[in-house]
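Take this structure, written in structure tokens, and hold onto it; I'll ask about it next.
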Amino acid sequence: MAGRFFDQWQIGQRIEHEIRRTVTETDNLLFTTMTHNPQPLHLDAEAAGASEFGQILVNGTFTFALMVGLSVGDTTLGTLVANLGYDALTMPKPVFIGDTMRATSEVTALRESKSRPGAGIVTFTHELLNQRDEVVCRCTRSALLKKAPADS
């Protein structure tokens, strides 16, 4: 599976990424401790159980990273020069251990790079949905992508 070059994208293109991922307790625990996040909602079953969520809440930065990761194979794998930024990050619903995630991406803007003639900027809107088709995370990502080689 490979990503697409800048000139292979069109505004409005939408991808339903095939890879799905069920979030495990280990995912949440390792990511939370690896990033030194001591939030009891992510680590303490008693504290999380007493919260409005009633259970451990999956770390939001893991949720965001998973959304982007699920999109890479279909969007930028092998064609990325650099991610330029992520904007308008929202998390409208919580993620819990055992939720199964899937991602979608839509191209919302394209522009030639002014500083790199062999590249262009693609803006994607990524969404992460749970097994109930609820959007749990959304953002825009600006990616600097290589243009297709002249012989392709």
Side-chain angles (χ1 to χ4, degrees), residues 1-37 39 41-43 53 55-152:
M1 179 175 352
R4 297 180 193 173
F5 292 99
F6 168 76
D7 21 20
Q8 295 174 315
W9 290 106
Q10 295 176 1
I11 292 176
Q13 270 184 297
R14 186 171 167 78
I15 297 173
E16 301 271 341
H17 303 288
E18 291 183 31
I19 298 174
R20 293 174 182 254
R21 176 76 148 67
T22 300
V23 178
T24 68
E25 183 176 12
T26 301
D27 294 330
N28 185 61
L29 177 65
L30 289 177
F31 192 91
T32 300
T33 57
M34 186 172 48
T35 57
H36 297 279
N37 182 340
Q39 176 55 252
L41 284 172
H42 305 318
L43 296 170
F53 302 106
Q55 60 185 307
I56 286 181
L57 187 63
V58 172
N59 187 314
T61 50
F62 172 81
T63 300
F64 164 69
L66 178 61
M67 175 180 67
V68 174
L70 289 174
S71 77
V72 167
D74 295 326
T75 57
T76 61
L77 183 64
T79 60
L80 181 73
V81 176
N83 283 312
L84 302 179
Y86 299 89
D87 294 299
L89 176 64
T90 60
M91 297 181 182
K93 296 276 186 182
V95 175
F96 301 108
I97 293 165
D99 282 350
T100 298
M101 303 287 106
R102 66 182 180 84
T104 66
S105 298
E106 183 174 348
V107 177
T108 54
L110 294 169
R111 77 172 174 87
E112 302 275 338
S113 172
K114 292 180 176 105
S115 61
R116 294 180 183 239
I121 300 166
V122 179
T123 302
F124 298 99
T125 295
H126 297 302
E127 288 188 337
L128 189 68
L129 298 96
N130 63 22
Q131 68 276 12
R132 292 176 297 282
D133 291 328
E134 298 168 323
V135 175
V136 298
C137 190
R138 177 184 296 119
C139 80
T140 59
R141 170 171 67 133
S142 297
L144 182 65
L145 299 183
K146 298 173 191 172
K147 288 184 178 177
D151 60 340
S152 63

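Just so you know, these numbers come straight off a predicted model, no measurement behind them.
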Open item on the list: Just so I know, are the side chains of Gln39 and Thr32 near enough to count as touching, which here means a heavy-atom distance under 4.5 Å?
Closed with: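 No; the side chains remain at least 4.5 Å from each other.
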Task: From Met67 atom CE to Leu129 atom CG, the distance as rounded to the nearest 0.5 Å - done: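 The CG atom of Leu129 is 10.5 Å from CE of Met67, to the nearest 0.5 Å.
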Open item on the list: Ignoring hydrogens, what is the shortest heavy-atom contact between Cys137 and Phe64? Give both atom names and the distance.
Closed with: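 In this case the closest contact between Cys137 and Phe64 is SG-CA, 4.0 Å.
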Task: Derivation and outcome, side-chain contact (heavy atoms from CB on, under 4.5 Å), residues Asp74 and Ser105 - done: CA-CA 9 Å; Asp74 295 326; Ser105 298; over 6 Å; no
Task: Contact summary for Val107 and Gln10, nearest pair of heavy atoms - done: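 Distance-wise, the nearest heavy atoms are CB-O, 3.4 Å.
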TODO: Would you sort out whether Thr125 and Arg138 count as a side-chain contact (heavy atoms from CB on, under 4.5 Å), showing the intermediate values?
DONE: CA-CA 7 Å; Thr125 295; Arg138 177 184 296 119; 4.3 Å; yes
- [ ] Assess whether atom CD of Glu134 is packed by more than 12 heavy atoms of other residues, nucleotides or ligands within 6.0 Å.
- [x]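 Counting other residues, nucleotides and ligands, CD of Glu134 exceeds 12 neighbours.
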Task: Minimum side-chain heavy-atom gap Thr76-Leu145 below 4.5 Å - done: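 Contact flag for Thr76/Leu145 side chains = yes.
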- [ ] Tell me, with the steps shown, if Met34 and Asn59 meet side-chain contact (heavy atoms from CB on, under 4.5 Å).
- [x] CA-CA 12 Å; Met34 186 172 48; Asn59 187 314; over 6 Å; no
TODO: Return the minimal non-hydrogen interatomic distance between Asp99 and Pro94, and the atom names on each side.
DONE: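 Nearest heavy atoms, Asp99 then Pro94: OD2-O, 4.2 Å.
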TODO: Decide yes or no for Phe96 and Ile56: does some side-chain heavy atom of the first lie under 4.5 Å from some side-chain heavy atom of the second?
DONE: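 When only atoms from C-beta onward are counted, Ile56 and Phe96 do not touch, as no gap falls below 4.5 Å.
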TODO: Please name the residue in the list Ile11, Ile121, Thr123, Asp7 that meets the side-chain contact (heavy atoms from CB on, under 4.5 Å) test with Leu110.
DONE: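 Of the listed options, the one satisfying the test is Ile11.
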Task: Gln8 vs Thr79 side-chain heavy atoms within contact, under 4.5 Å - done: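 They are not in side-chain contact.
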- [ ] Compare every heavy atom of His126 with every heavy atom of Ser71, then report the nearest pair and how far apart it is.
- [x]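 Taking every non-hydrogen atom into account, OG-CE1, 3.4 Å.
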Open item on the list: Is there a side-chain contact between Phe62 and Asn28 in this structure, where contact means two heavy atoms from C-beta onward sitting under 4.5 Å apart?
Closed with: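 Heavy-atom side-chain distance check fails, nothing below 4.5 Å.
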Open item on the list: How close do Val81 and Lys146 get, counting heavy atoms only, and between which atoms?
Closed with: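 Residues Val81 and Lys146, closest heavy atoms: CG2-CG, 3.7 Å.
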TODO: First locate atom CZ of Arg116, then atom CG of Leu144, and finally report the distance between them rounded to the nearest 0.5 Å.
DONE: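 The CG atom of Leu144 is 5.5 Å from CZ of Arg116, to the nearest 0.5 Å.
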Task: Separation of Ile15 CD1 from Leu70 CG (nearest 0.5 Å) - done: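 These two atoms lie 12.5 Å from each other.
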Open item on the list: Less than 4.5 Å apart, side chain to side chain, heavy atoms only: is that true for Val122 and Gln13?
Closed with: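 The answer is no; the side chains never approach within 4.5 Å.
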Task: Glu25 atom CD, neighbour heavy-atom count above 12 within 6.0 Å - done: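 No, because the 6.0 Å sphere around CD of Glu25 holds 12 heavy atoms or fewer from other groups.
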TODO: Go through the steps to decide whether Leu128 and Met91 satisfy the test side-chain contact (heavy atoms from CB on, under 4.5 Å), and finish with yes or no.
DONE: CA-CA 9 Å; Leu128 189 68; Met91 297 181 182; over 6 Å; no
Task: Geometric class of the Trp9/Phe124 ring pair [parallel <30°, tilted 30-60°, perpendicular >60°] - done: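 The arrangement is perpendicular - the two ring planes meet at more than 60°.
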Task: Within-4.5 Å side-chain heavy-atom neighbours: Val135 and Lys93 - done: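 With C-beta onward as the side chain, the pair stays apart.
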TODO: Evaluate whether atom NZ of Lys147 has more than 12 neighbouring non-hydrogen atoms of other residues, nucleotides or ligands under 6.0 angstrom away.
DONE: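 It does: Lys147 NZ has more than 12 such atoms within range.
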Task: Distance-only side-chain donor-acceptor flag, Asn37 / Thr35, under 3.5 Å - done: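 Their side chains do not contain a donor-acceptor pair, so the 3.5 Å distance test is not met.
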Task: Reported OG1-to-CD1 distance for the pair Thr24 and Ile97, which is rounded to 0.5 angstrom - done: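 Separation between the atoms: 7.5 Å.
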- [ ] May I ask you to test the Thr33-Leu43 pair for a side-chain heavy-atom distance under 4.5 Å?
- [x]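 When only atoms from C-beta onward are counted, Leu43 and Thr33 do touch, with a gap below 4.5 Å.
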- [ ] Kindly give the heavy-atom pair with the smallest separation between Met101 and Leu66, and that separation in Å.
- [x]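 Nearest heavy atoms, Met101 then Leu66: CG-CD2, 3.8 Å.
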